[in-house]
2 protein chains.
Amino acid sequence: MAIGELFKALSDDNRRKILDLLKDGDLTSGEIANHFNMSKPGISQHLNILKNSELVFSHKKGQYVYYSLNTSVVQDIMKWAIQFKKDKGEE
Amino acid sequence: MAIGELFKALSDDNRRKILDLLKDGDLTSGEIANHFNMSKPGISQHLNILKNSELVFSHKKGQYVYYSLNTSVVQDIMKWAIQFKKDKGEE
DNA sequence: AATGTAATTAAGTATTTACTTAATTATTTA
DNA sequence: TAAATAATTAAGTAAATACTTAATTACATT
């Protein structure tokens, strides 16, 4: 997974809000859209970016598509951040 | 500090490379530029974005401007990431 | 099968981003 | 004080981004 893509996905306020919503449990595309003052296609596009960066999973159930958080990818960010606290080289 | 700005600053490959270089110690604007196949003004602009997001500090010494890493801001990212591992609400 | 609902894809657009070269500012040194 | 060096600011541009509305696809219901 490209850390750059991950940061890019996380740089958008609306996408981070989507992730926050999903912390409380899975939601359908439409339920997510209801929390925003934005068109449904707009939300779909954000969801696609989150899916591509593996920050969320999706599974279809009937005509609905449920989205869920993938917390394991958040670990990658942690790993990236941690190197700045550790790797002080040979001082 | 706006976490969105922070992620935006980190979403660029060249900016992350600058931070990696600074892990080994402070560098001048010109020394940083030497590691890139990019114009000096281009690097200056990246440094300005990193400074605005407080990921780096700068101090002038004579005609040189030294840049240094601000690891404390990386903490903010950790804090953001951690909530996804903890806050599982009332399950 | 026809109609309605959920979601996405397609196409177009205004804004933002990451560069470039040219010009300017600040500092050192001959 | 004039010339050289370090760095930034200014101005312009191609590409990327975040939206929009219209069209399409998939499934459910009558």
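We use all heavy atoms of the structure for the numbers below, so side chains are in, but hydrogens, waters and symmetry mates are not.
A donor and an acceptor atom sit less than 3.5 Å apart, one in the side chain of Gln45(A) and one in the base of dT20(D). On a pure distance criterion of 3.5 Å, a polar donor-acceptor pair joins the side chain of Gln63(B) and the base of dT5(D).
Relative to the side chain of Val65(A), the nucleotides dA7(C), dT5(D), dA28(D) differ in distance, and dA7(C) lies closest. Comparing atom distances between the Arg15(A) side chain and each of dA18(D), dT27(C), dA22(C) picks out dA18(D) as nearest. Closest approach to the Ser44(A) side chain among dT9(D), dA7(C), dA6(D) is made by dA7(C) (side chain taken as heavy atoms from C-beta onward). Checking dC19(D), dT17(D), dC19(C) against the side-chain heavy atoms of Lys8(A) singles out dT17(D) as nearest. Here the nucleotide nearest the side chain of Ser29(B), chosen from dA10(C), dT17(C), dA7(D), is dA7(D).
For Asn34(B) and dA6(D), the CG to C1' distance is 12 Å, given to the nearest whole Å. Between Ile49(A) atom CD1 and dT8(C) atom P there is a gap of 13 Å when expressed in whole angstrom units. Rounded to whole angstrom, the span from the CD1 atom of Ile43(B) across to the P atom of dA7(D) amounts to 12 Å. One atom, CG of Leu10(B), and another, P of dA18(C), lie 12 Å apart when rounded to the nearest Å. Here dA26(D) presents its C1' atom at 13 Å from OH of Tyr64(A), a figure rounded to the nearest Å. Distance Asn52(A) CG to dA16(D) C1': 15 Å, rounded to the nearest Å. Straight-line distance from the CD1 atom of Ile18(B) to the C1' atom of dC19(C): 13 Å, rounded to whole Å. Going from atom CG of Leu27(B) over to atom P of dA6(D) covers 15 Å, rounded to whole Å.
Looking at every heavy atom in both residues, Leu69(B) comes nearest to Phe57(B) through O-CD1, 4.4 Å.
A salt bridge is defined here as a Lys NZ or Arg NE, NH1 or NH2 lying under 4.0 Å from an Asp or Glu carboxylate O, and Lys17(A) with Asp20(A) fails to meet this definition.
OP1 or OP2 of dC19(D) lies within a sub-4.0 Å distance of a side-chain N or O belonging to His46(A). Between Thr28(A) and dA7(C) there is a side-chain polar atom (N or O) within less than 4.0 angstrom of OP1 or OP2. Of the side-chain N and O atoms in Asn14(A), one or more sit less than 4.0 angstrom from OP1 or OP2 of dC19(D).
Using a 4.0 Å heavy-atom cutoff across all strands shown, Tyr67(A) reaches sugar-phosphate atoms only and no base atom. Residue contacts shown for Gly42(A) include a base, since a base heavy atom lies under 4.0 Å away. If you check every strand for non-hydrogen atoms under 4.0 Å, Asn48(A) touches nothing.
Using a 4.5 Å heavy-atom threshold, the side chains of Phe7(B) and Asp12(A) count as separate. The side-chain heavy atoms of Asp26(B) and His59(B), taken from C-beta on, include a pair separated by under 4.5 Å. In this structure, the side chains of Leu6(A) and Glu54(A) stay at 4.5 Å or more apart for every pair of heavy atoms. The shortest side-chain heavy-atom distance between Leu10(A) and Leu55(A) falls under the 4.5 Å cut-off.
Between Lys40(B) and Gly62(A), the residue anchored closer to the 5' end of DNA chain D is Lys40(B), taking for each the nucleotide with the nearest heavy atom. Each of Ser39(A) and Lys61(A) was assigned the nucleotide of DNA chain D with the nearest heavy atom; the assignment lying further toward the 5' end belongs to Ser39(A).
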